[in-house]
Participant: 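Provided herewith is a single structure, encoded as structure tokens, for subsequent inquiry.
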Amino acid sequence: MALYLSMIITILNLLLSITISQASGTYQPRDVILLNCGESSPIKTSDGRTWEGDTLSRFLPSNASMLSETSSASSQDSSVNPVPYMTARLIHSNFTYNFPVVSGPKFVCLYFYPLTYSSFNSSTSFFSVTANGYSLLSNFNAYLTVSSINHQASSFFKVFVITVWETEQLKITFTPSQSSFAFVNGLEIVSMPSNLYTKDLSFISYPLVNNGDLFYFDNSTALENSYRLNVGGKPMLMIRECFERGLMIRTLSWVIWE
């Protein structure tokens, strides 16, 4: 079913992207958070963006030093950008980042460079990630994931869409599996326009491909990006780029999480 839904949403995204890009200018997100995990100082990258170090960040829990530690990667592959991939937060117990953002849908991007950090080998790292009640990753291993990528990348990121409701903060929790640890190199959170991929209407339904059943799809549904395609342009490495170059010029194929 996920494959069928992914195909439907890709087509809808393409039509919606064309409509929006013709009707309006560049979208200006209200929330843009770039967190370089394991780093203490802000770093400005070549694209002009500034990544905040998370070691003194207001987004950390008060007992962060008891639950985690920071480390630098043991080496750097030539294909890997220094920011945010060369430092990491190593997490030994349930650990929650709290982001006070405005309500509405958000892109949530998690960055991973599975390598050795201090004495911790990422090949033995298994963990789960939740955000405001949604399960984003379960018993996840970044080393196995990067090993399965066709173009033999050394680093990668996972992108989700999550709606933050009124009075809520965005809470992203990392939970290590038993006798293991979690790690993350970077987090990126960017506001997105309402009703871009989902609508705030529970009565809108979509027919499944080759099936008469209807699927109800609104802003209470979380999404995971499965494929990225920038139509008529060069590759875009960061979520922010799609806004800087015009709203949603690319199409995205999503897997649905409820």
Participant: Does either side chain, that of Tyr117 or that of Asn185, offer a donor lying less than 3.5 Å from an acceptor on the other one?
Facilitator: yes

Participant: What distance do Asn132 atom CG and Ile172 atom CD1 have between them, rounded to the nearest 0.5 Å?
Facilitator: 8.0 Å

Participant: May I have the step-by-step check of salt bridge (Lys or Arg N to Asp or Glu O under 4.0 Å) for Lys106 and Glu188, ending in yes or no?
Facilitator: CA-CA 10 Å; Lys106 311 292 175 190; Glu188 181 175 6; over 6 Å; no

Participant: Check the pair Arg49, Lys44 against side-chain contact (heavy atoms from CB on, under 4.5 Å), reporting the backbone distance first and the verdict last.
Facilitator: CA-CA 6 Å; Arg49 306 191 310 160; Lys44 188 172 184 178; over 6 Å; no

Participant: Which distance, rounded to the nearest 0.5 Å, do you find between the OG1 of Thr55 and the CD of Glu69?
Facilitator: 13.5 Å

Participant: If you count every heavy atom of other residues, nucleotides or ligands that lies below 6.0 Å from Phe120 atom CZ, does the total exceed 12?
Facilitator: yes

Participant: For Phe126, is there any backbone N or O sitting under 3.5 Å from a side-chain donor or acceptor partner on Asn139?
Facilitator: no

Participant: Under the 3.5 angstrom rule, does the side chain of Ser71 hit a backbone N or O of Ser118 as a donor-acceptor pair?
Facilitator: yes

Participant: My understanding is that only one of Phe174, Phe183, Phe112 makes a ring pair (Phe, Tyr, Trp, His ring centres under 6.0 Å) with Phe140; could you say which?
Facilitator: Phe112

Participant: For the atom pair CD1 (Ile33) and CZ (Phe99), what is the distance rounded to the nearest 0.5 Å?
Facilitator: 6.0 Å

Participant: For Val83 and Asn81: C-alpha separation, side-chain torsions, deciding distance, then whether side-chain contact (heavy atoms from CB on, under 4.5 Å) applies.
Facilitator: CA-CA 5 Å; Val83 179; Asn81 291 325; 5.9 Å; no

Participant: Tell me, which pairs form a side-chain hydrogen bond (donor to acceptor under 3.5 Å, both in side chains) where one or both residues lie in residues 56-67, sequence neighbours left out?
Facilitator: Glu52-Ser57

Participant: Is there a donor-acceptor contact under 3.5 Å from the side chain of Thr87 to the main chain of Cys37?
Facilitator: yes

Participant: Val190 vs Asp31, test: side-chain contact (heavy atoms from CB on, under 4.5 Å). Steps then yes/no.
Facilitator: CA-CA 5 Å; Val190 182; Asp31 290 303; over 6 Å; no

Participant: Supply the atom-to-atom distance Ser68 OG to Phe181 CZ, rounded to the nearest 0.5 angstrom.
Facilitator: 12.5 Å

Participant: Using the side-chain contact (heavy atoms from CB on, under 4.5 Å) rule, take Tyr111 and Leu187 through it: C-alpha gap first, then chi angles, then the decisive distance, then the call.
Facilitator: CA-CA 6 Å; Tyr111 291 84; Leu187 294 100; 6.0 Å; no

Participant: Thinking salt bridges, do Glu39 and Arg89 make one under a 4.0 Å N-O criterion?
Facilitator: no

Participant: I'd like to know if Tyr134 and Tyr97 are part of one continuous hydrophobic network [Ile/Leu/Val/Met/Phe/Trp/Tyr, side-chain heavy atoms within less than 4.5 Å].
Facilitator: yes

Participant: Under 3.5 Å, is there a donor-acceptor pair between the side chain of Ser180 and the main chain of Thr124?
Facilitator: yes

Participant: Measuring from atom CG of Leu35 to atom CH2 of Trp51, what distance do you get when rounded to the nearest 0.5 angstrom?
Facilitator: 8.5 Å

Participant: Working to the nearest 0.5 angstrom, can you tell me the gap between Phe127 CZ and Thr173 OG1?
Facilitator: 13.0 Å

Participant: Any chain of hydrophobic side-chain contacts (each under 4.5 Å) joining Val129 to Tyr143?
Facilitator: no

